[in-house]
There are 4 protein chains.
Amino acid sequence: MNIRVRPDSPVPIYEQILTQAVFAIANGDLPAGELLPSVRDLSAELVVNPNTVVRAYQELERLGMIAARRGLGMEVTAEAAKISRDRRKAIVLTRIREALREAAAAGLDADDVCQLVTAEWPKLNTSRK
Amino acid sequence: MNIRVRPDSPVPIYEQILTQAVFAIANGDLPAGELLPSVRDLSAELVVNPNTVVRAYQELERLGMIAARRGLGMEVTAEAAKISRDRRKAIVLTRIREALREAAAAGLDADDVCQLVTAEWPKLNTSRK
Amino acid sequence: MNIRVRPDSPVPIYEQILTQAVFAIANGDLPAGELLPSVRDLSAELVVNPNTVVRAYQELERLGMIAARRGLGMEVTAEAAKISRDRRKAIVLTRIREALREAAAAGLDADDVCQLVTAEWPKLNTSRK
Amino acid sequence: MNIRVRPDSPVPIYEQILTQAVFAIANGDLPAGELLPSVRDLSAELVVNPNTVVRAYQELERLGMIAARRGLGMEVTAEAAKISRDRRKAIVLTRIREALREAAAAGLDADDVCQLVTAEWPKLNTSRK
DNA sequence: GTGGTCTAGACCACG
DNA sequence: GTGGTCTAGACCACA
C-alpha cells in the first residue's frame with residue numbers, strides 16, 4: 001500500500017490512512033477484488049494502534065469502497081474506483097472553496113489568486129510525474 | 001468590528017474572530033490607537049462564550065497587534081498594521097498551499113485550479129461589494 | 001433519554017443506543033435544537049464505556065441527525081426528524097424482507113405469514129400506547 | 001443438496017448452510033438414511049472454507065439430525081424429519097418476531113405489516129416455483 | 001465542562 | 001488467521 005503516516009500532523013492518523021487509501025484506489029493502485037493488508041499487519045507497519053487502522057477501514061467500508069470478507073479480510077469493491085474519484089474531487093473542491101473564502105476576506109480577487117496558484121505550483125514536491 | 005462567526009465551521013470560533021480582526025486591521029478598518037470592543041460586549045454581540053473572545057484577544061496581544069490599556073481596554077498598536085498585513089499574507093498563502101497540495105494529489109494541474117477558482121469565485125457570498 | 005441497554009444481547013450496545021436514539025427523535029421525544037446527554041453522563045447512566053456511547057453518537061452525526069456544538073455537546077439537527085423517520089422505515093423494511101426470505105425458504109406463503117403476524121402481534125410487550 | 005450461499009449476507013455462511021439443510025430435511029429432500037455430501041465436496045461446490053462446512057455439520061450432529069457412519073460419511077437420522085420441522089418453525093417464528101418487534105417500535109400496526117408482506121412477497125427471487 | 005483522538009489490551013465469531 | 005466489539009484510561013483543543 002505504501003502508506004506513510006505523520007503522527008505529529010494536526011490531521012488525525014486515521015484520516016491520513018483514509019485519504020491515502022482513497023487516492024490509491026482512485027489511481028488504480030488498489031484494483032477491485034484486491035485484499036487490503038490486515039488491520040494487524042498495517043498497524044504494525046505504521047507503528048500505530050490497530051484501532052486506528054480499524055477506524056480508517058470502517059470509514060472506507062461506510063463509503064462503499066471496501067467490504068469485509070469474513071475470515072479473509074477487507075476487499076476493494078467494484079464501485080470503489082468510481083466512488084474514490086468522486087470523493088477525491090469533492091475533497092479538492094471543498095478545500096479550494098475554503099481557501100477562496102479566506103482569500104476573498106483578505107481582499108484578493110480572482111486574478112490575484114490565479115497568480116498565487118501559478119507561482120506556488122512549481123514549489124510543490126508531489127508524487128506526480 | 002462587523003465580525004461574523006459561523007459556529008458550525010470546522011475552524012475554531014476563536015480563530016475566526018482572530019482572523020477577521022487581523023484582516024480588519026490590515027484593511028485599515030481598525031486604525032492604530034483604536035479601542036477594541038470589550039470582551040463582554042463582543043461576546044454578547046456574537047452570541048459566543050466570553051472565554052472564546054478572551055482567547056482571540058490574547059492571541060492578538062501575543063502577536064503584538066493589540067495592547068492592554070489598563071482601565072480602558074485593548075488598543076490597536078502602532079505596529080499592528082504592518083504585522084497584520086504580513087500575517088494576512090501568510091494565512092492566505094498557507095490555505096492556498098494546502099488546497100494546492102491536495103489538488104495536485106488528485107491529479108489536477110495549475111490550469112484546472114485556475115478554472116475552478118474563476119468558476120467558484122462568484123458563488124462566494126462574502127461581505128465584499 | 002430513557003435509553004435501556006441489554007449488555008448480553010447479540011446486537012452491539014452502540015447499535016442499541018443508536019436505534020433507540022433514532023426512534024426517540026422520530027417520535028419527537030428529542031426535538032431539534034435539544035442537546036443530547038453528554039458522553040460521560042450517558043455512559044455513566046448506562047454503565048457502559050464512554051467510547052461505546054461515542055461510537056453511537058458518531059453514527060448519529062454521520063447520519064446528519066445530530067451535530068457537535070464545540071464545548072457544549074451534541075445537538076439534534078433540524079433535519080433529524082425527517083431523517084430518522086426515513087431510517088426507521090428502512091430498518092423495518094429490511095428486517096421484514098429478511099424474515100420473508102426465510103419464511104419463503106421454509107415453504108410458507110403470504111397467507112401463512114399474515115396469520116403468523118396477527119397471531120404474534122398481541123404477544124409483543126412494546127412501549128406503544 | 002442444492003444449497004446456495006450468499007457470502008455477503010450478514011448471516012454467517014455456516015448458518016446459511018445449516019438452515020438450508022434443516023429446510024431440505026424438513027421438506028423430505030433428504031430422507032432418513034441418506035448420506036450427506038462429504039465436507040470436501042460440499043466446500044468445493046460452494047467455494048467455501050471446509051471448516052465452514054464442518055461447523056454446519058457439527059451443528060446438525062449436535063441437533064441429532066445427522067450421525068457419523070464411520071468410513072462412510074454423515075447420515076440423516078430417523079428422527080431428523082421431526083426435529084427439522086420443529087426447528088424450521090422455530091427459525092421462522094424467531095425471525096418474524098424480531099421483525100415485528102421493530103415494526104411495532106416504528107409505529108406500524110398488524111395491518112400495515114400484512115400489507116408490506118403481500119407487497120414484498122412477489123419481489124423475492126427464491127427457488128420456489 | 002464538552003467532544004475528538006489515540007493507545008493498550010481483552011474477548012468473540014467467523015473461516 | 002480475519003475483523004467486530006468493548007473496556008480502561010490517557011491527552012488534546014475548544015468553550
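Just so we're on the same page: letters track the sequence lines, and every chain starts at 1. The figures here come from the full heavy-atom set of this structure, side chains too, leaving out hydrogens, waters and symmetry mates.
Listed for the A/Ser84 side chain is a donor-acceptor partner under 3.5 Å among the backbone atoms of A/Ala81. No side-chain donor-acceptor contact under 3.5 Å links C/Glu75 to the backbone of C/Leu36. Using a distance-only test at 3.5 Å, with no hydrogens or angles considered, no donor-acceptor pair links the side chain of A/Asn27 to the main chain of A/Asp29. D/Gln20 places a side-chain N or O within donor-acceptor distance of the main-chain N or O of D/Arg4, the cut-off being under 3.5 Å.
Considering only side-chain N and O atoms, D/Thr52 lies nowhere under 4.0 angstrom from the phosphate OP1 or OP2 of E/dC14. Applying the 4.0 Å criterion to OP1 and OP2 of F/dG3, one finds that A/Arg70 has every side-chain N and O outside that range.
Atom-to-atom, CD of C/Glu59 to P of E/dG4 comes out at 14 Å; the value is rounded to the nearest Å. Going from atom CZ of C/Arg40 over to atom C1' of F/dA10 covers 12 Å, rounded to whole Å. D/Ile17 places its CD1 atom 12 Å from the C1' atom of E/dC14, with the value rounded to the nearest Å. If you measure from atom CG of A/Asp8 to atom C1' of E/dC6, you get 14 Å, rounded to the nearest angstrom. Separating the CD atom of D/Gln16 from the P atom of E/dA13 is a distance of 18 Å, rounded to the nearest angstrom. The interatomic distance linking A/Leu46 (CG) with E/dT7 (P) rounds to 10 Å, in whole Å. For A/Gln58 and F/dG3, the CD to P distance is 12 Å, given to the nearest whole Å. As rounded to whole Å, 12 Å separates atom C1' of E/dG3 from atom CG of C/Leu36.
Among the protein residues, C/Arg69 comes within range of no part of the nucleic acid, since none of its heavy atoms lies under 4.0 Å from any strand.
In terms of position along DNA chain E, the nucleotide closest to C/Asp41 lies nearer the 5' end than the nucleotide closest to the other residue of the pair C/Asp41 and A/Val48. The nearest heavy atom of DNA chain F to B/Glu15 and to C/Pro12 marks one nucleotide each, and the one closer to the 5' end goes with C/Pro12. With the nearest nucleotide of DNA chain E identified for both D/Ile13 and C/Ala68, C/Ala68 has the one nearer the 5' end.
The existence of a salt bridge linking D/Arg62 and D/Glu59 is confirmed by a sub-4.0 Å separation between a basic side-chain nitrogen and an acidic carboxylate oxygen. Salt-bridge annotation for D/Glu15 and D/Arg95: present, with a side-chain N of the basic residue lying under 4.0 Å from a carboxylate O of the acidic one.
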Secondary-structure string, 5' to 3', Watson-Crick or G-U under 3.5 Å, | for another-strand partners, for DNA chain E: ||||||||||||||.
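With a 4.5 Å cut-off on side-chain heavy atoms, A/Thr52 and A/Asn49 count as touching. Within the 4.5 Å cutoff, the side chain of A/Tyr57 has no heavy atoms near those of the A/Ser38 side chain.
For B/Asn49, whose side chain is taken as the heavy atoms from C-beta onward, the closest listed nucleotide among E/dG4, F/dT5, F/dA15 is F/dA15. Nearest to the side-chain atoms of A/Ser38 among the listed nucleotides F/dG3, E/dT5, F/dC6 stands F/dG3. Proximity note for B/Tyr14 (side chain, C-beta onward) versus E/dG15, F/dA15, F/dT2: the nearest is F/dA15.
Looking at D/Arg55, its side chain has no donor and acceptor atom pair within 3.5 Å of the base of E/dG15. With hydrogens and angles left out, the side chain of C/Asn51 and the base of F/dG9 share a donor-acceptor pair within 3.5 Å.
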